[in-house]
Amino acid sequence: MAAEDTPAFRYGAVLANEIESRWQDRWAADGTYHTPNPSGDLAEGFERVAGRPKLYVLDMFPYPSGVGLHVGHPLGYIGTDVYARFKRMTGFNVLHAMGYDAFGLPAEQYAVQTGQHPRVTTEANIANMRRQFRALGLGHDDRRSVATTDVGYYRWTQWIFLQIYHSWFDPQAHRARPVSELVAELESGARLAVDVEHPEGRPWSELSDDERHRVVDAHRLVYLDAAPVNWCPGLGTVLANEEVTADGRSERGNFPVYKRPLKQWKMRITAYAERLLDDLDLIDWPDRIRSMQRNWIGRSEGARIDFPLASDAETVISVFTTRPDTLFGATYMVLAPEHPLVPRLASGSWDEPTPASWRGAGLAGVIDGVPAGGWATPREAVEGYRRYASTRSDVDRQAESRVKTGVFTGSFAVNPATGGQLPVFIADYVLMGYGTGAIMAVPGQDQRDWDFAEAFDLPIVRTVAPPDDWTGQAYVGEGPAINSGFLDGLEVHEAKRTMVAWLEAQGHGEGTVTYRLRDWLFSRQRYWGEPFPIVYDDSAQPVALPESMLPVELPEIDDYTPTVVGDDDDSVPEPPLGRAKEWAEVTLDLDDGPKTYRRELNTMPQWAGSCWYYLRYLDPDNDTALVDPDVERYWMQGSKPDGRPAFGGVDLYVGGVEHAVLHLLYARFWHKVLFDLGHVSTPEPFERLFNQGYILADAFLDERGFHVEASEVTGDPEAGFTFRGRPVRRELGKMGKSLKNAVSPEAIQAEYGTDTLRLYEMAMGPLDADRPWNARDIIGVHRFLQRLWRNVVDEETGAARVVDAPAGSGLRRALHRTIDGVRSDMEGLRFNTAVAKLTELNNTLTREVTASGAATPREVAEGLVLMLAPLAPHVAEELWARLGHGSSLVWTPFPEAHPALLVDEEIELPVQVAGKVRAHVRVPADADEAAVEAVVMADDRVQAALAGREIRRVVVVPSRLVNLVV
RNA sequence: GCUCCCGUAGCCCAACCGGCAGAGGCACGGCACUCAAAAUGCCGCAAGUCAGGGUUCGAAUCCCUGCGGGAGCACCA
C-alpha cells in the first residue's frame with residue numbers, strides 16, 4: 001500500500017478485512033442468522049416470521065478435511081448463501097445451516113500414522129472449517145450445526161438403524177411395516193412362514209424357535225448375508241457396489257477390489273427399487289442425475305422361465321430373460337459359477353462324446369492344473385473353474401476383454417417350448433448378482449451367447465428374421481419371428497406378450513421385472529464409524545439392542561490399524577473393534593436375565609450419517625426424537641412453483657454431481673423407510689436438486705507425468721512453463737489436492753477481502769457450469785465494489801455522500817429496471833447476470849451523477865446497497881450503517897420495482913428490410929400494428945432501403961421489431 | 001460401442017418463447033494524476049456465433065450431418 005496519498009476510506013483489502021471481521025463479530029453476537037422453529041427449544045422469535053412461508057436451503061454435507069477448503073469448495077456454499085439471504089429479504093423464513101460428515105477414513109488413516117485419536121483430528125478439522133465458513137460470511141444458523149461423530153447425533157443414526165432393522169417390506173402394501181405386525185400375522189395364521197428351504201410356506205405353530213427367528217430375519221430390511229462382497233484390501237474394508245468403479249476398483253483411493261464370500265450386514269434397498277425409480281418423476285432434479293439413478297437401478301422387463309433338468313424333472317433352473325420371444329432359439333444354458341445348483345448338476349462322469357473344449361481343454365493356458373484334454377470328470381471341471389472364477393477380480397475380467405470361458409456341468413435341461421435337451425454350462429460371463437444368476441443362451445439374438453456358442457461349437461438358431469442385407473452375427477433388432485412354432489410371423493413385441501401368456505398358462509414361468517440394483521452392503525471393517533446396536537447371543541444369533549441402551553459408544557482402542565488375515569489370494573478383513581476386548585464382550589439383561597453377549601464389531605459406512613442430517617438440522621438438540629413431528633412438518637412440507645404440494649421437503653439442495661448414486665440414493669431410501677414408518681411426512685427428501693459446477697485450474701505435469709505444485713510453476717504459454725528449472729506440461733483440471741493446483745481462500749481474502757471473493761465466484765459464470773479460476777479477473781469485481789463504495793461514501797472522510805432529492809427520471813428508471821432484473825436473476829440462481837446488472841447500474845450512476853462531483857440520490861444508493869447485500873453482505877452492511885440505519889439489513893425487505901417505471905412511453909424499434917436492419921423508428925409503447933406500420937412507411941431511410949421494391953409482407957413483432965419482406 | 005450435455009470477441013461470459021449478436025468483467029490501447037511507477041479515474045477497442053446443409057419473413061437459439069470438448073453407462077441376460 002502506498003501510504004499517504006491513498007484516501008483514508010478507500011475500499012481496499014485493509015478496509016474490507018476490517019469491515020468483514022467487525023460484521024462477522026456483530027452477526028455472531030446478535031444471532032442475526034438464527035432461524036426460529038414453530039415450536040420447541042428453538043422457537044424464540046417465531047412470532048416475527050410466523051406469517052412468512054418457509055424455505056429450506058441445504059448444502060451437501062462436507063467432510064472436514066485436514067487441509068481445509070480451497071476456493072473451489074465454497075462455490076455452492078456461497079450460491080446457497082446468496083439465495084438464502086435474497087429469499088429472507090423477500091419474505092421467507094429461511095433455514096440454512098451447515099454440519100460435518102465427520103466419520104471416515106482419512107482421520108482414521110491419520111490416526112494409524114500418528115497414534116492420535118481420530119476424534120482429536122476430526123474436532124480440530126471441524127474447528128478449522130467452521131472458522132473458514134465464518135470468514136466467508138456464510139449466514140448459517142450455527143445453533144443447528146451437527147457432526148455425525150457427536151454421540152448425541154450417532155445415537156439417532158443407530159436409532160434409525162433399529163427402525164429399519166425392525167421393519168420388513170410388505171410387497172402387497174408396497175411399503176415398509178413393523179416386524180411386529182409381520183409376527184402377529186404369522187401367529188394368527190393370516191400369513192404362512194416362507195423361508196429358503198420351505199418356499200411353499202409352513203404354519204407358524206409347526207416351527208421351532210430357531211426356525212421362527214430365521215423366518216423373521218429373512219424379512220427384515222436389515223439382514224446378515226453371506227453372498228460374495230467387494231473386499232478391498234487396500235482400504236482394509238468391504239465396500240458397497242456403489243463404491244466400486246466400473247473397472248473394479250475402489251472409488252476412494254483406486255485400489256483393486258475382490259469378491260469374497262463374507263458374512264455382512266446388508267440393507268434391503270432393492271425392495272424400494274420400483275419406488276426409487278418411479279418417484280424420480282415427481283421431483284425437480286437435473287435430468288443428468290435422474291438418468292444416472294435410473295441407470296443404476298436398471299429396471300428390465302421380461303420373464304422368469306423354468307427349465308427342468310433332463311435327469312430330474314423335479315429340479316428346475318430358473319432364468320430371467322428380457323427376450324422370452326426367443327425361447328425357441330435357446331440352444332444351451334449358462335449358470336454363474338457361484339450358482340447354488342452347480343454342485344448338484346456336476347455329475348460323476350462325462351457322457352461320451354463330450355468335446356474336449358467343454359471339459360476345459362482350452363483353459364490349460366488360463367487356469368493352472370488343467371490336464372491336457374480337460375478335466376477328468378464334471379465335478380473336477382466345475383470345482384476347477386469355480387476356484388478360478390472366485391480368485392479373479394473384476395479388473396482381471398475386464399482386462400481379458402470379452403473372451404468367453406466356461407465348462408460343461410455334464411447335465412442337460414429341457415427347453416419347455418421345444419422339448420429339446422440343452423447342455424448346461426457354467427461361465428463367468430453370467431453374474432450371480434443379476435436376475436436369477438442363470439440364463440438361457442440364445443446365440444441368434446445375443447452377441448455374448450453367439451461368442452460363447454462359436455467358442456464351444458454350439459448350435460445357433462435364429463428366431464427373429466434379420467433384414468435381407470444383414471451381415472452381422474447376433475441380430476437384436478425388430479423383425480418377424482421364425483423357427484418359433486406358434487410365434488412365427490409375430491413382431492418382437494407381440495411375440496413377447498404371446499410367449500409370456502403361454503408360459504403362465506403352462507406353468508413354465510411368468511412375466512417379471514428385474515433390477516440391476518443390489519442390496520446395500522452396510523458393514524465396514526473400520527474404527528471411525530458408528531457402532532451397530534447389535535449383539536450376538538451364545539448361539540451366534542444377532543439380537544438388536546433396545547432403544548433404551550442407545551447410544552452404543554465407540555470404545556477407546558490403542559491401535560486403529562485395520563487387520564488383514566491371510567495372504568493376498570484369500571485374505572479376509574478383521575475389524576479393529578475386536579481389539580476392545582472389554583467392550584466386545586458384554587453382560588446385558590435383555591428381559592431374560594443377565595447374559596453374556598458379543599458385540600457386532602463392524603461399523604456403519606460413512607453414508608449412514610449423511611443419510612438423515614438434513615432432518616437433524618431441523619431440531620438438533622432434541623433428545624427424545626430424531627426430529628419433533630411439528631417441526632418436521634413445518635420445514636419439510638412445501639409446495640411446487642405451481643402451488644401443488646411438493647414431494648420432497650428440502651426446497652433447494654445444492655451439491656456436486658459426484659453423489660448421484662451414492663449419498664442421493666441412500667438418503668432417498670432411508671427417507672422412504674422413515675416415511676413408511678410415519679417418522680417423516682414427505683415421500684422424498686429433496687424437492688429441487690442443483691449441481692454446482694467445479695472450479696478448474698491449470699495443473700502442471702513433469703516429464704514423469706506427476707503433478708507438481710502449480711503455485712511454484714513459472715512461465716507462460718508462449719515461452720513454456722517450468723518448475724524448479726525443469727519444463728512442465730500444462731493441463732486444465734478440477735481444482736484440488738490431487739492435481740496440486742488448489743488456491744486457498746485466505747490468499748484471496750488477504751489481497752481483496754471476502755466480499756470480493758464471494759462476488760467473483762458468483763460473477764464468473766452460471767452456478768452450474770465448470771469454469772477456470774482466473775486470478776487476473778478478480779480485480780474487476782473488486783473495482784466494482786470500490787466504485788460502488790465511492791458512490792455512497794466519501795473516500796476522504798468516510799461520510800455518506802448522498803442527497804435526499806429524488807433521482808432524475810432516467811436514473812430512476814435504470815434503478816427499477818435493475819431491481820426487476822436482479823430479482824428474477826436471483827430467483828433463477830443466475831447470480832452472474834445479477835452482478836452484471838448491478839455493475840451496469842453503478843456505471844450509469846457514476847457516468848450520470850457522481851463523475852461530475854454530484855452526490856448520489858439516496859433512493860439509488862439504498863437500492864444498490866440492498867441489492868448487493870446477498871452477494872457481498874459485509875460491505876453492504878457497512879454502507880447501510882453509514883447511510884444512517886441502526887439495524888442490520890439482513891432482515892430488511894429487498895427493493896421492489898414499480899411496474900410503471902419498467903415501461904417507457906416511447907420505444908425504439910429496429911426496422912428490417914429483407915431481414916437486414918436498415919433503420920430505427922420511435923413509436924409510442926402502446927402503438928398498435930397499424931400505427932407502427934404507418935410510422936415505418938413514413939421513414940425516409942426505410943423508403944431509401946426499399947428503393948421502390950414492392951412489399952410482400954409486413955411482420956410486426958410488438959415492442960421487438962418490424963420486418964418488411966420484399 | 002451406446003446415451004446425454006456443450007462449442008459466441010485474445011480470455012471468462014450475456015442475449016428469457018426464434019426477433020437489432022453484447023449486459024458485465026479481464027486483457028489490450030489512449031488520456032488524466034505522478035519526477036516515475038503502481039493504484040485510481042475517464043475514453044476507446046474487438047467477434048458475427050465450430051463447419052456445412054435445412055425449416056422460417058427472420059436462426060446463436062429449432063432439425064440433420066460432420067468436427068472439437070466434457071460427462072455417464074458398458075458381459076445386467
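Chain identifiers are assigned alphabetically (A, B, ...) following the order of the sequence lines, protein sequences preceding nucleic acid strands; residue numbering begins at 1 within each chain. Just so you know, these numbers come straight off a predicted model, no measurement behind them.
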B:rG48 glycosidic conformation (syn if within 90° of 0, otherwise anti) is syn
Which way is the base of B:rC11 turned, syn or anti, if we draw the line at 90° from 0?
-> anti
Rounded distance [0.5 Å steps], [atom1] in [X] versus [atom2] in [Y]:
| X | Y | atom1 | atom2 | answer |
| --- | --- | --- | --- | --- |
| A:Ser318 | A:His339 | OG | NE2 | 7.5 Å |
| A:Leu964 | A:Glu933 | CG | CD | 8.0 Å |
| A:Tyr760 | A:Leu871 | OH | CG | 15.5 Å |

Whole-Å distance between [N] [atom2] and [X] [atom1]?
| X | N | atom1 | atom2 | result |
| --- | --- | --- | --- | --- |
| A:Tyr434 | B:rA74 | OH | C1' | 14 Å |
| A:Leu961 | B:rC20 | CG | P | 6 Å |
| A:Asp768 | B:rG70 | CG | P | 19 Å |
| A:Asn691 | B:rG72 | CG | P | 12 Å |
| A:Tyr429 | B:rA74 | OH | C1' | 17 Å |
| A:Ile289 | B:rC73 | CD1 | P | 11 Å |
| A:Met432 | B:rA77 | CE | C1' | 13 Å |
| A:Asn842 | B:rG25 | CG | C1' | 14 Å |

Gap in Å between the two [atom1] atoms, one belonging to [N] and one to [M], rounded:
| N | M | atom1 | result |
| --- | --- | --- | --- |
| B:rA39 | B:rG29 | P | 13 Å |
| B:rA46 | B:rG24 | P | 15 Å |
| B:rU56 | B:rA51 | P | 23 Å |
| B:rU3 | B:rU8 | C1' | 27 Å |
| B:rC62 | B:rA23 | C1' | 25 Å |
| B:rG66 | B:rC28 | C1' | 36 Å |
| B:rU61 | B:rC5 | P | 15 Å |
| B:rC45 | B:rC11 | C1' | 15 Å |

Quick one: do [X] and [Y] make a salt bridge, cutoff under 4.0 Å?
| X | Y | result |
| --- | --- | --- |
| A:Asp281 | A:Arg294 | yes |
| A:Arg304 | A:Asp306 | yes |
| A:Arg730 | A:Asp698 | yes |
| A:Arg299 | A:Glu301 | yes |

Verify the distance criterion only: is there a donor paired with an acceptor across the side chains of [X] and [Y] at less than 3.5 Å?
| X | Y | result |
| --- | --- | --- |
| A:Tyr694 | A:Glu658 | yes |
| A:Asp446 | A:Tyr475 | no |
| A:Thr850 | A:Asn791 | yes |
| A:Tyr429 | A:Thr405 | no |

Does the plane of the ring in [X] sit parallel, tilted or perpendicular to the ring in [Y]? Use 30° and 60° as the thresholds.
| X | Y | answer |
| --- | --- | --- |
| A:Tyr332 | A:Phe452 | parallel |
| A:His663 | A:His659 | perpendicular |
| A:Phe320 | A:Tyr434 | perpendicular |

Quick one: look up who [N] pairs with, Watson-Crick or G-U, both distances under 3.5 Å, and put none if it's unpaired.
| N | answer |
| --- | --- |
| B:rG1 | B:rC73 |
| B:rG18 | none |
| B:rG52 | B:rC64 |
| B:rA9 | none |
| B:rG29 | B:rC43 |

Where the side chain of A:Pro910 is concerned, which of B:rA77, B:rC20, B:rC57 is the nearest nucleotide?
-> B:rC20
Can you tell which of B:rC57, B:rA74, B:rC75 lies closest to the side chain of A:Arg516?
-> B:rA74
Could you check whether [X] gets within reach of a base, just the sugar-phosphate, or nothing at all, counting any heavy atom under 4.0 Å?
| X | value |
| --- | --- |
| A:Ser300 | sugar-phosphate |
| A:Val955 | base |
| A:Arg448 | base |
| A:Asn843 | sugar-phosphate |
| A:Thr321 | sugar-phosphate |

Test side chain to side chain contact (heavy atoms under 4.5 Å, CB included) applied to A:Glu795 - qualifying residues, sequence neighbours left out = A:Pro7, A:Arg10, A:Arg790
Check: protein-nucleotides 3-7 of chain B nitrogen or oxygen pairs below 3.5 Å:
none

Do the side chains of A:Val743 and A:Trp773 get nearer than 4.5 Å, heavy atoms only?
-> yes
Which pairs, protein N/O on one side and nucleotides 39-44 of chain B N/O on the other, fall under 3.5 Å?
residue : atom : partner  : partner atom : Å
B:rU40  : O3'  : A:Arg790 : NH2          : 3.1
B:rG41  : OP1  : A:Arg787 : NE           : 2.8
B:rG41  : OP1  : A:Arg790 : NH2          : 2.7

Set of residues satisfying salt bridge (Lys or Arg N to Asp or Glu O under 4.0 Å) with respect to A:Arg290, sequence neighbours excluded = A:Asp287
For A:Asn295 and A:Gly437, take the nucleotide of RNA chain B holding the closest heavy atom to each; which residue's nucleotide lies nearer the 5' end?
-> A:Asn295
Tell me whether the OP1 or OP2 atom of B:rG10 has a side-chain N or O from A:Arg776 closer than 4.0 Å.
-> no
Contacts under 3.5 Å, N or O only, protein and nucleotides 60-63 of chain B:
none

For nucleotides 12-15 of chain B, list the nitrogen or oxygen atoms of the protein found under 3.5 Å from its nitrogen or oxygen atoms, one pair per line.
residue : atom : partner  : partner atom : Å
B:rC12  : O2'  : A:Met764 : O            : 3.0
B:rC13  : OP1  : A:Asp770 : O            : 3.4
B:rA14  : OP1  : A:Asn832 : ND2          : 3.4

